[in-house]
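Report on the structure given below.
No experiment lies behind these values; they were computed from the predicted model shown.
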Amino acid sequence: MNRVMSGFFWISLYLLVVLVPVFLMLIPPAPSGRSFWLELSVALGFVGLTQIAMQFVLIARFKRVTAPYGIDIILQYHRQIAMVAVCLVLAHPLIIVIDNPSRLKLLNPLGGNWASRCALLSVLALAVLVVSSQFRERFKLSYERWRLLHMLLGVAAIVFAQLHVSMAGLYTNTPWKHAIWVVTSAAMVALVIYLRVLRPAWQRNYHWRVAEVRPERGDTHSLVLEPVGNHGMRFAPGQFAWLKLRGTPFTLEEHPFSFSSSAERTDRLEFGIKALGDFSGRIGDVPKGTRAFLDGPHGAFSIDRYPAVGYVFIAGGVGITPVLSFLRTMADRKDPRPVTLFYADKDWDSVAFREDLAELEKQLDLHCVYVLKKPTEDWDGERGNITGEVLDRHLPKEKFARFFFICGPPPMMAAVHEALQERKVPEAHIHLEKFNLV
């Protein structure tokens, strides 16, 4: 199945699953004598609940599901649609109370019934989940603690919502309808068990060892991994993997990093990691021989996915990592296609992998343009940021259309994207790596 058909299939299946509760409501027997607004509130509640349940699938990193779109798109959709789902769930009690103010007592934990109390607990879990996610940094929650909290609150919201639906019984008043809801909730809990218990257990027999930690320029290190008891990992240039660097795969501390090595080397993987946080700042101290676990490959930011007659790569800082994978792969494949690279960084000493790029210029039809924020006085290259004017001075003038791959800090990517649009570059020819996946 090609990428377009696969993408259409998964979207269709997703919509079908989300709308199943509404279809079930229409199948007799159904409660009688209920107002339109009450029925609407129940429908919204069911759709919102199903959307929340589907979030477990979206974040499960199933490659067949994410392949047509890229996992970065899936995770962005997860963040946005989760907010929509929560709003739908909150609309359910709000409409009920507006339709009949006497039902306000159901919102009182002491004055309602067990069905309403379970509903309140589910909504409370969702509220804490949303607030902790939106203000994680302000609350000074570490990523690992937030991730555990996120998972527990999500499970709690689903379980209490299921109890509410079962106790209310209005649309689970036949054994088969009730069975569907029980199976759905059990499946979501089972998925969490698979993700946090079964899959890490499998990873114990499919691990890696740190072969080398090589210091690079600009507070960057190359982490080199070799397989232990397996044949390595095949990936497309530009993809990434989630990395765990502890003695057990059950740890919640894992971080996504792009491959910097050639896709032609499946038995020796390299990651370019810049010291930007607690985890990445400790990479230089990782001892040789440390066990590592990988979940990947993931991502749609790849020249293999979007073949073209030539390329323009635009990187800022550590955004050079997937671009380096592009270039190393092209060199191993003896790829003759022309490439122009724009590489922005603070100063010349901070330009990671510049010696590697000089060697790649000898092997490829590659032209590198360095743009420095704080160059020395004798610097005769580009200064400041990668602007439209910088692009105009160095973009090739040939007739054929190149594809553009952009990776770097979000403000840089946004500015370059806008500059390319102003220069009438087709949107289909512009690809951005939004690597903020945590």
Side-chain angles (χ1 to χ4, degrees), residues 211-218 220-226 232-240 257-274 297 299 301-345 348-372 379-382 386 390-391 393-408 429 431 433:
E212 182 184 1
V213 181
R214 188 172 63 249
E216 309 285 358
R217 295 179 181 276
T220 300
H221 286 82
S222 286
L223 180 73
V224 183
L225 302 182
E226 292 179 345
M233 178 183 292
R234 297 201 64 84
F235 64 93
Q239 288 191 300
F240 66 90
F257 296 106
S258 295
F259 298 103
S260 60
S261 53
S262 168
E264 298 299 305
R265 289 292 306 272
T266 60
D267 60 340
R268 185 178 171 87
L269 306 182
E270 294 192 20
F271 300 87
I273 302 176
K274 187 178 180 69
F301 186 75
S302 177
I303 55 174
D304 285 1
R305 188 182 176 101
Y306 301 102
V309 294
Y311 294 103
V312 175
F313 301 146
I314 304 174
V318 75
I320 192 62
T321 303
V323 172
L324 196 60
S325 180
F326 292 162
L327 297 173
R328 286 173 168 171
T329 302
M330 293 178 72
D332 284 348
R333 294 173 180 174
K334 302 188 184 308
D335 196 321
R337 291 176 292 180
V339 176
T340 299
L341 167 63
F342 294 86
Y343 185 4
D345 215 318
W348 187 236
D349 288 336
S350 300
V351 177
F353 307 107
R354 77 183 197 206
E355 290 83 4
D356 299 79
L357 292 172
E359 287 299 316
L360 287 165
E361 281 189 287
K362 300 174 184 177
Q363 302 174 48
L364 297 167
D365 184 2
L366 169 65
H367 173 55
C368 295
V369 179
Y370 296 98
V371 184
L372 303 183
W379 173 253
D380 59 357
E382 295 290 349
I386 301 177
V390 172
L391 295 174
R393 283 194 289 270
H394 299 280
L395 282 178
K397 308 301 181 184
E398 67 269 284
K399 299 294 184 183
F400 59 81
R402 298 196 187 195
F403 277 25
F404 292 75
F405 284 79
I406 311 168
C407 186
H429 291 188
H431 305 282
E433 175 69 313

Please name the pair of heavy atoms, one in [X] and one in [Y], separated by the smallest distance, quoted to 0.1 Å.
X      : Y      : value
Gly299 : Gln239 : O-NE2, 2.9 Å
Cys407 : Pro322 : SG-CG, 3.7 Å
Pro338 : Val309 : CD-O, 3.4 Å
Cys368 : Glu361 : N-OE2, 3.2 Å
Glu433 : Gly238 : OE2-O, 4.0 Å

Can you list everything that forms a side chain to side chain contact (heavy atoms under 4.5 Å, CB included) with [X]? Sequence neighbours excluded, please.
X      : answer
Glu264 : Ser262, Thr329, Asp332, Arg333
His367 : Thr340, Val369, His394
Ala308 : Tyr311, Phe403
Thr220 : Glu216, Lys274, Ala352, Phe353

*Under a 4.0 Å N-O cut-off, is there an ion pair linking Asp345 with Arg217?*
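Salt bridge absent between Asp345 and Arg217.
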*Inspect the contact between Arg354 and Asp356 and indicate whether a charged nitrogen and a carboxylate oxygen are less than 4.0 angstrom apart.*
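So Asp356 does not pair with Arg354 through a salt bridge.
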*Test applied, side chain to side chain contact (heavy atoms under 4.5 Å, CB included); reference residue, Leu327; option that passes from Asp335, Leu360, Ile320, Ile303*: Leu360
*Kindly determine whether Glu270 and Arg265 satisfy salt bridge (Lys or Arg N to Asp or Glu O under 4.0 Å), including the steps that lead there.*
CA-CA 10 Å; Glu270 294 192 20; Arg265 289 292 306 272; over 6 Å; no
*Check ring pair (Phe, Tyr, Trp, His ring centres under 6.0 Å) between Phe342 and all other residues, then give those that pass, not counting sequence neighbours.*
none
Just verifying a value: how many Å separate [X] [atom1] and [Y] [atom2], rounded to the nearest 0.5 Å?
X      : Y      : atom1 : atom2 : result
Phe259 : Leu269 : CZ    : CG    : 5.5 Å
Ser258 : Phe235 : OG    : CZ    : 10.5 Å
Met233 : Thr266 : CE    : OG1   : 10.0 Å
Asp365 : Arg337 : CG    : CZ    : 11.5 Å
Leu341 : Leu324 : CG    : CG    : 9.5 Å
Arg328 : Glu359 : CZ    : CD    : 11.5 Å

*Leu372 vs Val351 side-chain heavy atoms within contact, under 4.5 Å*: yes
_Could you walk me through whether Val213 and Val224 satisfy the side-chain contact (heavy atoms from CB on, under 4.5 Å) test, starting with their C-alpha distance in whole Å, then the side-chain angles of each, then the deciding distance to 0.1 Å, before giving a yes or no?_
CA-CA 6 Å; Val213 181; Val224 183; over 6 Å; no
_Tell me if the centroids of the rings in Trp379 and Tyr370 come within less than 6.0 Å of each other._
no
*Are His431 and Phe301 close enough that their ring centres sit under 6.0 Å apart?*
no
*Kindly assign one of parallel, tilted or perpendicular to the pair Phe313 and Phe326, based on the angle between their ring planes and the thresholds 30° and 60°.*
tilted
*Output yes when a side-chain donor or acceptor of Thr321 lies under 3.5 Å from a complementary backbone atom of Ser260, and no otherwise.*
no
_side-chain contact (heavy atoms from CB on, under 4.5 Å) between Val339 and Val312, intermediate numbers included_ = CA-CA 6 Å; Val339 176; Val312 175; over 6 Å; no
*Quick one: side-chain hydrogen bond (donor to acceptor under 3.5 Å, both in side chains) partners of Arg393, sequence neighbours excluded?*
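Expected list: Glu382.
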